[in-house]
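Written out below as structure tokens is the structure these notes cover.
Chain naming here is simple, since letters A, B, ... match the order of the sequence lines and numbering starts at 1 in each.
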Amino acid sequence: MSQISITVDGAKSSVEIDARPTQIFAERKEIIVCKVNGVLKDLWTELSEGDAVEGISISSPEGLSVLRHSTAHVMAQAVQQVFAQTRLGIGPPITDGFYYDFDPERPFNPEDLEKVESAMRKIVKDGQRFRRRVTTEADALKELAHEPYKCELIGLKAGAGDEASVEVGGSELTIYDNLGRDGQPVWSDLCRGPHLPSTKHIPAFKLMRSAAAYWRGSEKNPMLQRIYGTAWPSQDELTAYLDLLAEAEKRDHRRLGTELDLFSFPEEIGSGLAVFHPKGGIIRRAMEDYSRKRHEDEGYEFVYSPHLTKAALFEKSGHLQWYSEGMYPPMIMDEELHSDGTIKRAGQQYYMKPMNCPFHNLIFASRGRSYRELPLRLFEFGTVYRYEKSGVIHGLTRARGFTQDDAHIYCTKEQMVDELDSLLTFVLNLLRDYGLEDFYLELSTRNPEKSVGEDADWAEATEALRKAAVAQKLELVLDEGGAAFYGPKISVQAKDAIGRTWQMSTIQVDFQLPQRFELEYSATDGTRQRPVMIHRALFGSIERFFGVLTEHYSGAFPPWLAPVQVTAIPVAEAFVDYLAGVVKAFKSAGIRIDLDASDDRMQKKIRNAQMQKVPYMLIAGEEDQLAGKVSIRYRNGEQKNGIAVVDAIAEIQSAIRDRKQV
RNA sequence: GCCCCCCUAGCUCAGACGGUAGAGCGUUUCCAUGGUAAGGAAAAGGUCACCGGUUCGAUUCCGGUGGGGGGCUCCA
């Protein structure tokens, strides 16, 4: 038998001429796909003299994608088994799983998913081999004549690289057949591959939910039914993933908002409009107060502006031209009509503000400005109203009325570099003070087709942002062409306690508004110059940041933010008076403390305080009373007994002052 | 905005060929005076989201409106 020389994972090797990677990696169960000369291939692929073969583990990013994409195929096969009249869309792998879009006779319901899932288990058990088959456009169109969406993809093959690339891709058109035990195809799908060697290489999967999605992502296209699933290299990893989802659900700010009595969305007010209850109010005020103080230290000046304005302001800023669909419709005031209903005197149109910047520009322009005043930093907790589409509203993180911690910095071009650098440092340190630790930065650059301004200005501002970002020594992701039309921006992405990423702060350079508002300052040489304008919000919106922090802390806020910092619990009613005195001392030390004098038993009181996630419990009974002391029970169940009241106050005060988590 | 699903007590949820409803927690009152995550008893609490239609009769079936959820799209 003749042999060929190849390299396997870098080591020279000699194999039979018709050997396949399945045989080469037969001993290594984790290898489910391979790279041949750097290109991802099935393990069934043919090898040639001199090929460099590299085994890809199911746990690697590429391996996971292949696992998930193959699972999507299994799902599609199962769906067509259970619902024969269903047409196929596309089925790519995504983060943590996969989906497949279908055009079924009727939308799926949860019982349908169960049926599909058990059909899938059977297919996995069958161990169907995935076979790659090269075909031609004509043959594929004939073979897939009953699959209109697939035919459309074949037609799009030329434009590979978009979302259709998983299905068609590269230079060859391929179909994958699933082979039954007898080696005959039981199911086929247009696909670029590669795939697992067989369906039995799917160790663990679960269907998650069904939802609707537009064909190829466009509103103009028909709506398909999408089924989401997840697949993992082991049952343990699947379980861990499901646990993470359960954990995320437990810390959902909408749920905690009700459980901890923080806020609500009364139907009477309207969708996306929150009210903060007293406990939520305390947290929010603590957040705002600290932010205010830090901004003061940083040289910001505080301004206020109304929630309403005449249309002219947003015409000047340009918002009415390109943002009107996101604004609440105008209120028309002082209009007078003739008796026939025609207009006698045109009214004034007033809008709720969706942004604060035009107001700050008016403050800047209210009098002549000197270079000596720059950088001028105007800060406002400005409440804005945006008519978000009903389908996108989500608790506090996506609302229709919200308050931005908004500031606009007006500076000279020369000051821009330093200003951006110190600004970014300020932003990150402030976020750290709120307990977020893990960040990366995203730099959005110009889209030449959709932007205004001079090339040189863009280049300068982008470079200034980039320098500022690099100075932070954080991971920097480039969002090429992702900037708004009026200037480049940096956004800070923060990871929360369970590893989810949230876009937090944005810092945006603006070339457009200073021009539209004809902002000027007098320079050292007496000439009038246009300032650079920087928009920045640290929280984005206070409501959103509140929601993110609630989920980050799972409602167990650090003492400085906790609505109730201490609950005092008497062992029995007889000690209420003693504790009342202690509580008074805590209150005069500025600590938010409640005395639980209800007729519950102390065990119940501890449980209640625990469920409300109060950071400290102060417990006192006879021993404590006689000694003039208290016991501190911490949120984690630990306890310190026999603490002098002054010491307890000092300890809790310092934790609050240092914004420590306990 | 689009597709699907949901809305029953303050909260979490049962329930009924169409004949106006239950539990646990919470609340109130009483009893119990208890050292580390639920002591006991009783009571109050509902136009079954709202508006129409079908029906002898609708919380239940149908339609609309509002609100919520999961996605799509969008997020300047």
**Message:** Among B/A76, B/C3, B/G1, which nucleotide has an atom closest to any side-chain atom of A/Val392?
**Reply:**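 Closest of the options to the side chain of A/Val392: B/G1.
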**Message:** Can you tell me which nucleotide in B/A76, B/U36, B/C2 comes closest to the side chain of A/Phe485?
**Reply:**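 Selected nucleotide: B/A76.
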**Item:** Interatomic distance where CD belongs to A/Glu268 and P belongs to B/C7 [whole Å]
**Value:**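 Taking CD of A/Glu268 and P of B/C7, I get 19 Å after rounding.
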Identify whether any heavy atom of [X] sits under 4.0 Å from a base atom; if not, whether one sits that close to sugar-phosphate; answer base, sugar-phosphate or nothing.
| X | answer |
| --- | --- |
| A/Met355 | base |
| A/Asp112 | nothing |
| A/Glu259 | nothing |
| A/Ser631 | base |
| A/Gly482 | nothing |

[atom1] atoms of [N] and [M], separation to the nearest Å:
| N | M | atom1 | result |
| --- | --- | --- | --- |
| B/G53 | B/A58 | P | 11 Å |
| B/G45 | B/G24 | C1' | 15 Å |
| B/U36 | B/A49 | C1' | 43 Å |
| B/G35 | B/A42 | C1' | 29 Å |
| B/U65 | B/C3 | P | 11 Å |
| B/A32 | B/A41 | C1' | 11 Å |
| B/G34 | B/G22 | P | 39 Å |

Counting only side-chain N and O atoms of [X], is one of them less than 4.0 Å from OP1 or OP2 of [N]?
| X | N | value |
| --- | --- | --- |
| A/Arg607 | B/C25 | no |
| A/His394 | B/G70 | yes |
| A/Ser271 | B/G68 | yes |
| A/Arg254 | B/G69 | yes |
| A/Arg601 | B/G39 | yes |
| A/Lys604 | B/G26 | yes |
| A/Ser390 | B/G1 | yes |
| A/Tyr99 | B/G70 | no |

**Item:** Sidechain N-carboxylate O distance under 4.0 Å for A/Glu152, A/Arg87
**Value:**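 A/Arg87 and A/Glu152: not salt-bridged.
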**Asked** What are the residues of residues 499-514 of chain A, sorted by number, that bring a heavy atom to within less than 4.0 Å of RNA chain B?
**Response**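 Under 4.0 Å from RNA chain B: no residue of residues 499-514 of chain A.
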**Item:** Aromatic plane relationship, A/His73 with A/His69 - under 30° parallel, 30 to 60° tilted, over 60° perpendicular
**Value:**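 The rings of A/His69 and A/His73 stand perpendicular, inter-plane angle above 60°.
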**Message:** Angle between ring planes, A/Phe263 versus A/His253, binned at 30° and 60°: parallel, tilted or perpendicular?
**Reply:**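 Geometry flag for A/His253 against A/Phe263: tilted rings.
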**Contiguous pairing runs of three or more, Watson-Crick or G-U under 3.5 Å, that involve RNA chain B** =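 Detected stem regions: B:1-7 with B:66-72, B:10-13 with B:22-25, B:27-31 with B:39-43, B:49-53 with B:61-65.
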**Asked** If you measure from the ring centre of A/Phe265 to the centre of the six-membered ring in the base of B/G67, is it under 5.5 Å, with the planes under 30° apart?
**Response**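 Stacking between A/Phe265 and B/G67: absent.
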**Check: A/Phe102 ring centre within less than 6.0 Å of A/Tyr100 ring centre** =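 Judged by ring-centre distance (under 6.0 Å), A/Phe102 and A/Tyr100 do meet the cut-off.
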**Asked** Do the ring centers of A/Phe108 and A/Phe83 come within less than 6.0 Å of each other?
**Response**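 Yes.
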